[in-house]
There are 2 protein chains.
Amino acid sequence: MLEHEATLCRKGGLILGLSMRQLAELAGVSRGTIDRALNDRPGIAPEVRAKILQLAQDHGYRSNRAGRMLRLNKSPLLIGIQMPARNNPFFQAVRAGIEQAARDLADFGLSVVWRTMPGYDSAAQVRQVQELIQAGVHGLALVPIDQEPVRRELAGLAAQEIPVIALNNDVSDGRRLCYIGNDYLHSGRIAAGLLGLATGPDPVPTLILTGSNQILGHNQRVSGFRETVAARYPWIQVEAVRENLDDDALSFSLVMEHLDGHPELRAVYLAAGGVAGACRALAARGLTGRVRVVCFDLLDETARCLRDGRITAAISQEPERQGYLAVKTLYDYLLDGTRPPDRIITKNEIIIREHEDVSEHTAAGQRRIP
Amino acid sequence: MLEHEATLCRKGGLILGLSMRQLAELAGVSRGTIDRALNDRPGIAPEVRAKILQLAQDHGYRSNRAGRMLRLNKSPLLIGIQMPARNNPFFQAVRAGIEQAARDLADFGLSVVWRTMPGYDSAAQVRQVQELIQAGVHGLALVPIDQEPVRRELAGLAAQEIPVIALNNDVSDGRRLCYIGNDYLHSGRIAAGLLGLATGPDPVPTLILTGSNQILGHNQRVSGFRETVAARYPWIQVEAVRENLDDDALSFSLVMEHLDGHPELRAVYLAAGGVAGACRALAARGLTGRVRVVCFDLLDETARCLRDGRITAAISQEPERQGYLAVKTLYDYLLDGTRPPDRIITKNEIIIREHEDVSEHTAAGQRRIP
DNA sequence: CTGAAAGCGCTTACAG
DNA sequence: CTGAAAGCGCTTACAG
């Protein structure tokens with residue numbers, strides 16, 4: 001792995017690279033000077049810097065994370081979290097992941113400060129972000145509302161070199177360190193594959209319920225679905241696409257209404273919320289089990305629907321892990337400049353009824369946080 | 001969280017518990033003495049120890065992991081890994097997870113030493129475990145062959161207080177720190193649910209191919225499957241259960257033979273290996289796609305079968321994560337005595353064809369290691 | 001039985 | 001521009 005065996009040192013069987021101390025000895029300077037060179041700090045003669053950098057490269061020097069992490073306890077890192085729609089159970093799962101990461105990293109000099117709000121008001125989001133900056137955060141993770149005021153604010157943070165992570169929802173102009181969340185297009189394709197697997201070869205009249213046509217992720221879940229259906233599952237026949245605004249009552253009446261005109265309905269695909277409402281409508285018409293239901297995110301009511309056999313399957317996107325990784329990724333970046341990939345995509349987990357059956361010791365394991 | 005606010009100290013917004021240094025000041029002793037009391041070391045007056053322990057409890061003292069982790073670089077930790085069947089692609093995935101963890105923890109004073117072997121010879125496994133002990137490992141993870149010589153050896157290690165993790169396969173007498181792997185019974189149930197979802201209501205004559213009746217995990221996958229089928233999916237009719245010894249050639253001929261007697265076959269459930277062989281037999285009879293195939297573990301050939309539509313779905317058990325967690329769990333235990341649960345159960349991930357479709361940025365994300 | 005020192009690898013504030 | 005010291009929290013020799 002490391003190229004210059006000569007400079008490796010072994011301790012109790014462990015092969016180590018060299019430390020700043022050893023590098024200092026090699027270069028004949030103090031450790032402070034090594035630090036100045038390696039970390040681009042001012043107050044060092046250019047030729048000394050060059051020499052040290054060369055030496056570091058030659059010997060494969062890599063900064064040791066344990067040293068930095070301990071050091072951070074002396075001048076701790078503060079990161080801010082901003083989340084909209086705080087009553088949404090999905091975001092509560094994301095939040096649980098964030099809190100777990102905060103606990104895990106507390107010993108390593110990290111602390112986390114929160115701002116949450118109900119709903120999706122971009123002005124309020126901007127205000128809370130500014131509050132976090134005022135509080136002195138070194139980095140920020142938020143579920144951005146992709147509108148102009150928010151984008152402008154994020155551009156400002158980019159200028160100040162404050163790293164920002166877009167969590168669960170991306171911003172369209174990409175002024176952020178990275179995106180962590182679902183690939184919505186792909187998840188739509190998975191949903192199609194799943195419904196394809198659960199149906200056919202007889203025709204399957206299908207209703208699509210999306211949350212809002214204004215939301216990119218929802219649209220991508222619809223188009224990913226349609227694309228795959230067209231390519232592989234011709235028996236799935238989309239009769240209509242309706243917006244339910246993630247609302248159960250609206251979802252209920254849309255399904256009822258649809259059934260009036262299309263009694264042959266055999267599948268409902270929900271790209272966003274309103275799952276329980278749709279299930280209620282099917283139950284009201286005695287169609288539970290006869291009509292396949294595929295949806296996203298396994299929380300609360302949805303889990304209950306799955307256990308009751310009212311849902312065929314759900315596709316989950318590792319919400320806790322999204323939250324955990326947001327904190328961890330920011331921490332690593334702030335610790336030693338580790339650059340994450342542009343997008344960190346979480347899995348599309350297909351959850352069926354049997355996942356919810358509790359076997360001996362299983363439940364805890366299946367629901368563990370990253 | 002911490003109860004005694006009075007003794008908390010704040011630094012840059014971070015709320016910290018107290019350190020050994022502060023505890024030493026409070027107790028009016030040196031840090032060495034604090035260490036002796038807290039870590040049960042000899043050479044300390046009983047009443048001093050008692051006083052310090054009381055004080056630590058009162059102030060909610062918790063040892064800081066960053067301190068310990070850095071310290072480990074001075075006298076590094078060595079853990080041993082023993083794996084059988086080294087050519088098995090499944091174990092290579094586990095291995096990749098172990099190697100990732102080893103890289104992640106190298107900065108924190110961990111190094112890993114390996115012994116692997118072909119096949120499943122318990123005498124050879126015992127020998128390699130002894131070699132690792134000779135090499136001075138502080139802990140051990142292995143895929144144990146659950147036979148008497150191995151169990152006896154593990155009992156010996158338990159007596160020496162060397163922590164051992166059973167990876168992917170448990171030992172029946174439980175002489176180990178913890179088990180990390182699949183819940184085979186549950187995974188059999190998931191397989192049944194999946195096949196149930198992909199079939200019915202017409203009868204589905206089904207062939208079960210298991211690896212070996214000698215292997216507990218395989219038997220559990222069969223019984224979990226049968227149990228759930230009986231309870232929920234009566235149209236799934238098991239015509240036969242045959243052993244293919246994880247062998248593709250045998251698997252091929254068993255399916256061919258079965259089809260001779262049971263041309264109405266509509267599903268094959270593979271509880272272990274030999275997937276490609278079974279698929280080849282179905283293809284030879286022109287039954288690809290007409291006969292549902294559900295199997296475990298997505299590697300190499302199996303992944304290809306899935307992409308080609310020769311498999312309906314596979315159930316994966318996070319092999320990389322199993323390996324990663326084995327190392328991490330041992331490390332945490334050796335670092336500060338963190339006790340893992342008795343069993344750490346990895347997920348049963350249902351993988352369908354659309355998971356393998358590569359979307360823009362998806363592939364890397366879906367296959368990331370923990 | 002107890003304490004003072006040194007060290008793991010890093011960074012910062014201070015003195016020159 | 002550079003170095004020596006102190007410190008993050010822990011543990012281990014060593015001296016008494």
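These values consider heavy atoms only, across backbone and side chains, with no hydrogens, waters or symmetry-generated copies. Chain A is the first sequence line, chain B the second, and so forth, proteins listed ahead of strands; every chain is numbered from 1. Bear in mind the structure is a predicted one, so any value in this text is a computation, not a measurement.
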Rounded interatomic separation in angstrom, taking [atom1] from [X] and [atom2] from [N]:
{"X": "B:N39", "N": "D:dC10", "atom1": "CG", "atom2": "P", "value": "9 Å"}
{"X": "B:L335", "N": "C:dC8", "atom1": "CG", "atom2": "P", "value": "18 Å"}
{"X": "B:L23", "N": "D:dT11", "atom1": "CG", "atom2": "C1'", "value": "15 Å"}
{"X": "A:I34", "N": "C:dC10", "atom1": "CD1", "atom2": "P", "value": "10 Å"}
{"X": "B:N73", "N": "D:dT12", "atom1": "CG", "atom2": "P", "value": "14 Å"}
{"X": "B:D40", "N": "D:dT12", "atom1": "CG", "atom2": "C1'", "value": "17 Å"}
{"X": "A:K74", "N": "C:dG9", "atom1": "NZ", "atom2": "P", "value": "19 Å"}
{"X": "A:M20", "N": "D:dG3", "atom1": "CE", "atom2": "C1'", "value": "13 Å"}

Touch check for [X], heavy atoms < 4.0 angstrom, all strands: base, sugar-phosphate only, or nothing?
{"X": "B:A45", "value": "sugar-phosphate"}
{"X": "A:F108", "value": "nothing"}
{"X": "B:I44", "value": "sugar-phosphate"}
{"X": "A:D107", "value": "nothing"}
{"X": "A:S63", "value": "sugar-phosphate"}

**Asked** Is the number of heavy atoms from other residues, nucleotides or ligands under 6.0 Å of B:R41 CZ greater than 12?
**Response**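 Yes.
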**B:R175 atom CZ, neighbour heavy-atom count above 12 within 6.0 Å** =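 No, not enclosed.
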Of the options [options], whose atoms approach the side-chain atoms of [X] most closely?
{"X": "B:L70", "options": "C:dT11, D:dG3, C:dC8", "answer": "C:dC8"}
{"X": "B:R31", "options": "D:dG3, C:dG9, C:dA6", "answer": "C:dA6"}
{"X": "A:R36", "options": "C:dC10, C:dG3, D:dG3", "answer": "D:dG3"}
{"X": "A:R71", "options": "D:dC10, C:dC8, C:dC10", "answer": "C:dC10"}
{"X": "B:S19", "options": "C:dT2, D:dG9, D:dG7", "answer": "D:dG9"}
{"X": "B:R68", "options": "D:dG9, C:dC8, D:dT11", "answer": "D:dT11"}
{"X": "A:N64", "options": "D:dG3, D:dT12, C:dC10", "answer": "C:dC10"}

**Distance test, side-chain N/O of B:R41 to OP1/OP2 of D:dT12, below 4.0 Å** =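 For B:R41, the contact criterion (side-chain N or O under 4.0 Å from OP1 or OP2 of D:dT12) is met.
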**Prompt:** Counting only side-chain N and O atoms of B:S30, is one of them less than 4.0 Å from OP1 or OP2 of C:dT2?
**Reply:**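 False: B:S30 side-chain N/O out of range (4.0 Å or more) of C:dT2 OP1/OP2.
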**Prompt:** If each of B:E47 and A:D35 is mapped to the nucleotide of DNA chain C with the nearest heavy atom, which maps nearer the 5' terminus, i.e. the 5' end?
**Reply:**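 Upstream on the strand: B:E47.
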Does [Y] offer a backbone N or O that forms a donor-acceptor pair with the side chain of [X] under 3.5 Å?
{"X": "B:D332", "Y": "B:T338", "answer": "no"}
{"X": "A:Y61", "Y": "A:L53", "answer": "no"}
{"X": "A:H138", "Y": "A:L78", "answer": "yes"}

**Between D:dA4 and C:dG7 - P atom distance, rounded Å** =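 These two P atoms come out 15 Å apart once rounded.
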**Asked** Is C:dT2 paired to anything, Watson-Crick or G-U wobble with both distances less than 3.5 Å, and if yes, which nucleotide?
**Response**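 In the structure as shown, C:dT2 has D:dA15 as its Watson-Crick or wobble partner.
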**Message:** What verdict does the salt bridge (Lys or Arg N to Asp or Glu O under 4.0 Å) test give for A:R31 and A:D35, after you've listed the backbone C-alpha separation in whole Å, the side-chain angles of each residue and the deciding distance to 0.1 Å?
**Reply:** CA-CA 6 Å; A:R31 300 193 268 157; A:D35 176 65; over 6 Å; no
